Engineer: 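First, the structure itself, so that you have it in front of you.
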Amino acid sequence: MIIFETVQDFRAFMDERSVGQTLGFVPTMGALHQGHLNLVKKSMQDNDLTVCSIFVNPTQFDNPLDLEKYPRTLDADIAKLEQVGCNLLFLPSVKEMYPVYPPILFAPDLGMMLQVMEGRHRPGHFAGVMTVVKRLFEIILPNKAYFGEKDFQQLRVIQKMLEHLSLDIEVIPFPTVREKSGLAMSSRNVRLTDEEKDLALHIPRVLLHLQKRVSESPDQMSAILQQTTEELNSISGLKLEYLDIVDENTLQNVEVRPADVPIRACLAAYIGKIRLIDNMRL
Ligand code: PAF
């Protein structure tokens, strides 16, 4: 795997590549797990070359402590990427990504999509995500970019953001990868104690139960959502931030199942000091 630390070196390499070679891109903040590696593998199947980026983007953290504590495991990340055969790694510094810091944020008005869930609870988060993803897209210029469905709102925001840019990049969503226990893989999981990991298992358990109940009694969706919220609120050690059932396109809450659009239950909860998110299509 070739590692690039500067935009100039990366662009020089890409300018030399054979005409017509396709490039897949997997942006990450490191602390790689099987979810990231599956994105890399999918990209390798779809494209001639795959580039992964590792950059812990300071502009998307609304909480400075979260940024400070974000796991950084570069040596292990490089070993994992080499093991799956990733071709290229872009590993920029903050200075390389943002020559002037703080940068001017790229935050197009995406309407109500930004006012809900993560957008509501983490002010400024998506402005930081859009800013870094736009910059990465403009540097890497991939044909396809791969995003996990665990960050479902992020996936939708990036797809919508692309409508505002003249970049010919296809976003490829990829299903959430779960541990055997059902817990959605996340870089933040390494910060959970064993006891907290057990508590966190309530999240996929409750989502699965919600999915089953809504499929059995679709006309009872609002009542089921309310009961599920109460159940989560009653679990000691778990602090629910939100549980919403949303239209997958608009991300707005739905009270009855629309005929033509898939819906998804999305939640965020604190287990101790660690904030986890998860979601499931209903
Ligand atoms: O999902 C992530 O890891 C980050 O939000 C991303 C897309 C790499 C931007 O920093």
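Keep in mind it's a predicted model, so treat the numbers as computed, not measured. As the structure lists them, so they are numbered: ligands from 1, and atoms in each ligand from 1.
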Engineer: Ala223: what forms a side-chain contact (heavy atoms from CB on, under 4.5 Å) with it, not counting sequence neighbours?
Structural biologist: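 With sequence neighbours excluded, Ala223 shows a side-chain contact (heavy atoms from CB on, under 4.5 Å) to Gln220, Gln227, given in chain and number order.
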
Engineer: Please, which pairs that meet ring pair (Phe, Tyr, Trp, His ring centres under 6.0 Å) have at least one residue in residues 190-215, sequence neighbours excluded?
Structural biologist: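 Found none.
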
Engineer: Using a 3.5 Å distance criterion without hydrogens, assess whether the side chain of Thr73 forms a donor-acceptor pair with backbone atoms of Ala76.
Structural biologist: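 Here the side-chain-to-backbone pair does not exist.
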
Engineer: For residues Asn57 and Gln60, is any side-chain donor paired with an opposing acceptor at under 3.5 Å?
Structural biologist: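 A pair is found: one side chain offers a donor N or O, the other an acceptor, under 3.5 Å apart.
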
Engineer: Run through all N or O atoms in ligand 1 and write down each protein N or O closer than 3.5 Å, as a pair with its distance.
Structural biologist:
residue, atom, partner, partner atom, Å
ligand 1, 1 (O), Gln154, NE2, 2.8
ligand 1, 5 (O), Gln60, NE2, 2.9
ligand 1, 5 (O), Gln154, OE1, 2.7
ligand 1, 10 (O), Gln60, OE1, 2.6

Engineer: State which residues pass side-chain contact (heavy atoms from CB on, under 4.5 Å) with Thr250; sequence neighbours excluded, sorted by chain then number.
Structural biologist: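 For Thr250 the side-chain contact (heavy atoms from CB on, under 4.5 Å) partners, ignoring immediate neighbours, are Asp247, Gln252.
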
Engineer: Does the side chain of Val51 reach to within under 4.5 Å of the side chain of Leu89, using non-hydrogen atoms?
Structural biologist: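 No. Closest side-chain heavy atoms not under 4.5 Å.
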
